[in-house]
There are 2 protein chains.
Amino acid sequence: MNKKTTIYDIAKELNVTVSTVSRALSGFPAISDATRQAVFEAAKRLNYSPNKLASALKSGRTYIIGVIVPSVQAHFFASIIHSIEEGLKDSGYRIILYQSNESVASEINGVKTLLEAQVDGIMASLSLETEDVTHFEEVIKQNKPLILFDRVHEKLKVPTVTLDDFKAGYMATQHLIEQGYKNIAYVTTSHQIRIFNDRLKGYKAALADYNLPLNEDNIIFGGLSIKDGRFGAGKLIRSKNKPDAIIAADDFTALGVIKKLKEINETPPQIGVIGFANEAFSAYITPSLSTIDQHPNQMGAECAKLFLSTIQNKPSQKISNIVIEPSLVDRQSTGITE
Amino acid sequence: MNKKTTIYDIAKELNVTVSTVSRALSGFPAISDATRQAVFEAAKRLNYSPNKLASALKSGRTYIIGVIVPSVQAHFFASIIHSIEEGLKDSGYRIILYQSNESVASEINGVKTLLEAQVDGIMASLSLETEDVTHFEEVIKQNKPLILFDRVHEKLKVPTVTLDDFKAGYMATQHLIEQGYKNIAYVTTSHQIRIFNDRLKGYKAALADYNLPLNEDNIIFGGLSIKDGRFGAGKLIRSKNKPDAIIAADDFTALGVIKKLKEINETPPQIGVIGFANEAFSAYITPSLSTIDQHPNQMGAECAKLFLSTIQNKPSQKISNIVIEPSLVDRQSTGITE
DNA sequence: CTGAAAGCGCTAACAC
DNA sequence: GTGTTAGCGCTTTCAG
């Protein structure tokens with residue numbers, strides 16, 4: 001088992017010092033071309049591979065940034081991750097992923113782990129459970145960039161990238177209204193996450209603007225999942241004031257709603273259904289699901305841009321809060337049949 | 001900006017030496033309880049956070065393992081990742097993700113990056129493009145565990161976790177035959193990836209076993225995607241020997257096939273369709289897609305187990321090649337209508 | 001343009 | 001049970 005070759009080996013080989021090798025390798029300008037050539041040639045010949053750990057320990061920069069998401073299994077987050085990577089590619093920064101699985105405990109552990117790994121910054125989208133965010137304060141204290149996306153928290157005064165969720169909720173509701181639905185219900189999470197509250201506010205605002213009554217019994221607070229969607233829909237259709245359309249706070253929940261409605265032969269768009277996120281399956285189910293696109297690729301790209309600009313401009317300028325415009329994806333589940 | 005506290009600060013605080021602190025912190029047995037208590041208390045008070053980099057540099061172990069997958073956007077890989085994490089959780093190992101995006105160049109870069117980051121091992125599933133695998137040899141040369149899963153390569157003599165893909169292909173074909181289909185076509189990738197070849201072999205074997213003719217024109221080699229599925233199906237239905245069932249090498253491709261068939265009003269199961277992977281959407285499309293479940297959770301769990309046992313038992317014992325049993329998920333797309 | 005040398009924060013012999 | 005000390009591999013002053 002051959003010891004790994006280090007810059008010392010290269011130095012010895014060429015009868016120069018490590019500093020020269022280090023400089024040559026890292027593109028330091030004041031190095032003769034001859035030396036540089038020789039160093040690169042020797043590095044290659046000796047099969048040298050830099051130890052980034054040592055470099056990071058000394059320089060204080062790992063060029064790794066930690067990304068915390070609830071789960072990569074949601075297409076929405078998978079897409080964001082993908083475009084964060086894409087946006088970081090040319091900068092030399094890499095990401096290391098941490099999944100909170102919607103648990104605060106796990107999220108706290110994630111922050112700790114990433115910090116111990118000396119990441120140069122953290123991007124996070126909060127778990128559903130997260131209410132207290134003090135565990136993120138250590139990141140700020142260590143003077144490392146922290147960027148929140150999608151699921152953010154007002155207590156944390158950091159750069160954010162979010163959807164205009166109020167507008168998203170308004171848009172979904174407005175679309176249903178314009179399609180002729182009059183008694184629109186809403187299935188959402190009971191967790192106090194801002195984006196979901198904002199969507200709900202948008203819903204209420206749209207009802208008000210169109211002079212439609214708001215019936216609090218029409219709002220079901222539970223979880224977000226296929227199962228919860230079925231459950232919520234079941235509850236709604238049994239109510240005395242049965243709705244003619246249902247908004248679900250995400251596409252998984254909307255899918256559950258649809259499944260339930262099909263079972264009772266009120267297949268959408270007979271009862272209208274709309275979701276949020278434009279998940280991978282949403283276009284392919286039957287009826288295809290109308291939804292609000294949250295533009296994850298744009299979000300990821302903005303996160304990357306935000307990080308790079310934060311890392312460069314030391315002078316703590318104003319904190320940017322980037323807001324992405326939602327857009328409506330109109331499909332069968334809200335297409336009034338006539 | 002307060003300098004980060006190190007074990008030196010704790011040592012000074014308590015008038016002991018760093019070695020004592022280091023030992024106390026890492027649970028070294030021969031330390032008095034009093035000292036240990038004091039150290040932990042001081043660590044907490046001073047808001048100490050260990051620098052894993054320094055520790056790793058010294059000890060040679062980062063407790064990070066690199067995972068290379070084609071893309072997290074496929075539910076199949078997302079699930080594997082999830083259960084690798086799950087299986088590693090109690091061991092202290094963390095993973096860092098690298099996506100090859102089905103490109104060899106990117107995969108080569110991934111290996112390099114991970115190695116430079118001094119990961120303690122690598123788990124990988126090859127990109128579709130990968131034919132030459134010499135870039136992985138460096139991992140072996142560095143004496144670090146390399147585990148291949150799902151998309152493996154015979155040139156690499158390393159532990160693997162795979163599906164019994166021959167059986168999977170056989171199973172899919174057999175199912176169609178038993179459902180009464182007689183002229184079964186196959187849409188797959190032109191890339192030379194073993195698992196796809198094995199599935200195809202299983203297909204051929206099943207045809208032979210049931211005395212059904214093999215028509216080479218019925219095998220379409222192209223890409224794997226919704227688009228490729230449409231294309232493949234289009235080609236098949238225009239052929240003189242139009243098939244009554246189509247096997248697609250993955251669920252995305254199968255989805256494309258279904259879309260095409262619906263357009264020409266030969267909605268499955270009129271023409272039977274089956275895929276592989278049991279993707280997130282497969283149960284929810286219409287008709288729901290029959291598929292072969294590749295048990296990603298089991299695969300991920302086995303990868304984790306394999307890694308842990310490799311890391312422990314230094315004596316290079318026999319290389320394990322774990323094979324997972326596929327299972328049939330029977331849904332509407334193959335349910336003969338009668 | 002290149003060399004010498006001091007660490008980054010932690011671990012692990014080796015002493016006592 | 002605790003202290004001393006020599007690095008891990010690299011970067012980065014400060015000299016020359």
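The sequence lines fix the lettering, A, B, ..., with proteins before strands; numbering per chain opens at 1. Computed from heavy atoms alone, side chains included, the values below leave out hydrogens, waters and symmetry copies.
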> In whole Å, what is the span from the CD atom of Gln118(B) to the P atom of dG9(C)?
Replying inline: 19 Å
>> Checking Thr160(A) now: which residues fulfil side-chain hydrogen bond (donor to acceptor under 3.5 Å, both in side chains) with it, not counting sequence neighbours?
In response: Asn321(A)
>> Expressed as a whole number of angstroms, how long is the span from Gln37(A):CD to dC1(C):C1'?
In response: 16 Å
>> Tell me the interatomic distance from Leu53(B), atom CG, to dG9(D), atom P, rounded to whole angstroms.
In response: 14 Å
>> Could you check whether any side-chain N or O of Thr20(A) sits under 3.5 Å from a backbone N or O of Val16(A), counting only pairs where one atom can act as donor and the other as acceptor?
In response: no
> Would you call Lys44(A)-Glu41(A) a salt bridge at under 4.0 Å N-O?
Replying inline: no
>> Could you tell me how far apart Asp9(A) (CG) and dC8(D) (P) are, to the nearest whole angstrom?
In response: 11 Å
>> Measure CD1/Ile10(B) against P/dT2(D) and give the value in whole Å, please.
In response: 15 Å
>> Check Arg45(A) with Glu13(A), please: is the shortest side-chain N to carboxylate O separation under 4.0 Å?
In response: yes
> Taking Arg151(A) as the fixed residue, which of Thr130(A), Leu126(A), Val69(A) is the one that meets the side chain to side chain contact (heavy atoms under 4.5 Å, CB included) rule?
Replying inline: Leu126(A)
> Hey, is the side chain of Thr35(A) poking within less than 4.0 Å of OP1 or OP2 on dC1(C), counting only N and O atoms?
Replying inline: no
>> Using the side chain to side chain contact (heavy atoms under 4.5 Å, CB included) definition, which of the options Val119(A), Ile81(A), Ile64(A) pairs with Ile95(A)?
In response: Ile81(A)
> In whole Å, what is the span from the NZ atom of Lys4(A) to the P atom of dC8(D)?
Replying inline: 14 Å
> Per the end-axis method with five pairs at each terminus, what is the bend angle of the helix from dC1(C)-dG16(D) to dC16(C)-dG1(D), to 10°?
Replying inline: 30°
> Rounded to whole angstroms, how far apart are CG on Asp120(B) and P on dC8(D)?
Replying inline: 19 Å
>> Is it the case that over 12 heavy atoms from other parts of the model lie below 6.0 angstrom from the NZ atom of Lys52(A)?
In response: no
>> Ring-plane angle category for Tyr93(A) and Tyr63(A), please: parallel below 30°, perpendicular beyond 60°, tilted otherwise.
In response: tilted
> At under 4.0 Å between heavy atoms, what does Leu57(A) touch on the DNA or RNA strands: base, sugar-phosphate, or nothing?
Replying inline: base
>> Using a 3.5 Å distance criterion without hydrogens, assess whether the side chain of Ser106(A) forms a donor-acceptor pair with backbone atoms of Ser103(A).
In response: no
Could you go through nucleotides 10-14 of chain D and list every protein N or O atom that sits under 3.5 Å from one of its N or O atoms, giving the distance for each pair?
unit_1: dC10(D); atom_1: OP1; unit_2: Tyr48(A); atom_2: OH; d: 2.6
unit_1: dC10(D); atom_1: OP1; unit_2: Asn51(A); atom_2: N; d: 3.3
unit_1: dC10(D); atom_1: OP2; unit_2: Ile7(A); atom_2: N; d: 2.8
unit_1: dC10(D); atom_1: N4; unit_2: Tyr8(A); atom_2: OH; d: 3.1
unit_1: dT11(D); atom_1: OP2; unit_2: Ser22(A); atom_2: OG; d: 2.8
unit_1: dT13(D); atom_1: O4; unit_2: Arg23(A); atom_2: NH2; d: 2.9

